[in-house]
Enquirer: 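Here's a structure for you.
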Amino acid sequence: MEIKLKKQPQKYLASVDAKTRKKLYRALEQLSRLEGNIVRLAGYQSRYRYKIDHYRITFDWVKGEIIITVIEINTRSNIKY
């Protein structure tokens, strides 16, 4: 599947250190295969949360489509659902 990053995820990835950036890019690679700790968010039709250590990635995906749109990447304490 194809991953599209909105503005906030792009800025967040640019702001973190190289080790964290590498970890998050590996997480996005897993996300493109829909592997890992993924849960649909209550109250949303097509919004999901992917958990990697203390980071959270929120994204939109409609079943059957080949594009995943990453809405936000942040730490657990700073993420907004």
Enquirer: Could you tell me if the side chain of V70 sits less than 4.5 Å from the side chain of L31, heavy atoms only?
Expert: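 Contact flag for L31/V70 side chains = yes.
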
Enquirer: Any donor and acceptor pair, going by atom type alone, linking the side chain of R40 with main-chain N or O of Y44 inside 3.5 Å?
Expert: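 Yes, because the side chain of R40 sits within donor-acceptor range (under 3.5 Å) of the backbone of Y44.
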
Enquirer: Is there a path from Y25 to I67 through hydrophobic residues (I, L, V, M, F, W, Y) whose side chains come within less than 4.5 Å of each other?
Expert: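 Different hydrophobic clusters.
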
Enquirer: Please answer: with hydrophobic residues joined when any side-chain heavy atoms are less than 4.5 Å apart, are M1 and Y48 in the same cluster?
Expert: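 Linked within one cluster.
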
Enquirer: If two hydrophobic side chains count as joined below 4.5 Å and joins carry through other members, does L41 share a cluster with V62?
Expert: no

Enquirer: So do the side chains of T69 and K6 get within less than 4.5 Å of each other, counting heavy atoms only?
Expert: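 Result yes, sub-4.5 Å side-chain heavy-atom pair found.
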
Enquirer: Would you tell me whether E72 and Y12 have side-chain atoms, one donor and one acceptor, within less than 3.5 Å of each other?
Expert: no

Enquirer: State the CD-OG distance between Q8 and S15, to the nearest 0.5 angstrom.
Expert: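 Separation between the atoms: 8.5 Å.
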
Enquirer: Would you say R76 has more than 12 foreign heavy atoms packed within less than 6.0 Å of its CZ?
Expert: no

Enquirer: How long is the span from the CD1 atom in I73 to the NZ atom in K11, to the nearest 0.5 Å?
Expert: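 Those atoms lie 14.0 Å apart.
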
Enquirer: Atom NE2 of H54 and atom CG of N78: how far apart are they, to the nearest 0.5 Å?
Expert: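 If we round to the nearest 0.5 Å, H54:NE2 and N78:CG are 9.5 Å apart.
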
Enquirer: Is any side-chain heavy atom of D60 less than 4.5 Å from a side-chain heavy atom of I68?
Expert: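 Answer no - side chains too far apart.
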
Enquirer: A side-chain contact here means heavy atoms from C-beta on lying under 4.5 Å apart; do I52 and N37 qualify?
Expert: no

Enquirer: Is any side-chain heavy atom of D53 closer than 4.5 Å to one of K23?
Expert: yes

Enquirer: Do I71 and I3 share a hydrophobic cluster (ILVMFWY, side-chain heavy atoms under 4.5 Å, transitive)?
Expert: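 Different hydrophobic clusters.
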
Enquirer: Calculate, to the nearest 0.5 Å, the distance between atoms NZ and CD belonging to K63 and Q45 respectively.
Expert: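 These two atoms lie 10.0 Å from each other.
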
Enquirer: Just so I know, are the side chains of I57 and N74 near enough to count as touching, which here means a heavy-atom distance under 4.5 Å?
Expert: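 I57 does not reach N74 side chain to side chain.
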
Enquirer: The test is side chain to side chain contact (heavy atoms under 4.5 Å, CB included); show your working for I38 and L34 and say whether it passes.
Expert: CA-CA 8 Å; I38 298 173; L34 294 176; 4.2 Å; yes

Enquirer: Donor-acceptor pair, E2 side chain versus I66 backbone, under 3.5 Å?
Expert: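 Not a single qualifying donor-acceptor pair exists.
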
Enquirer: Measuring only between side-chain heavy atoms, which start at C-beta, is Y55 closer than 4.5 Å to T20?
Expert: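 SC-SC contact between Y55 and T20 confirmed.
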
Enquirer: OG of S32 to CH2 of W61: how many Å apart, nearest 0.5 Å?
Expert: 12.0 Å

Enquirer: Under a 4.5 Å cut-off applied to non-hydrogen side-chain atoms, are Y50 and L28 in contact?
Expert: no

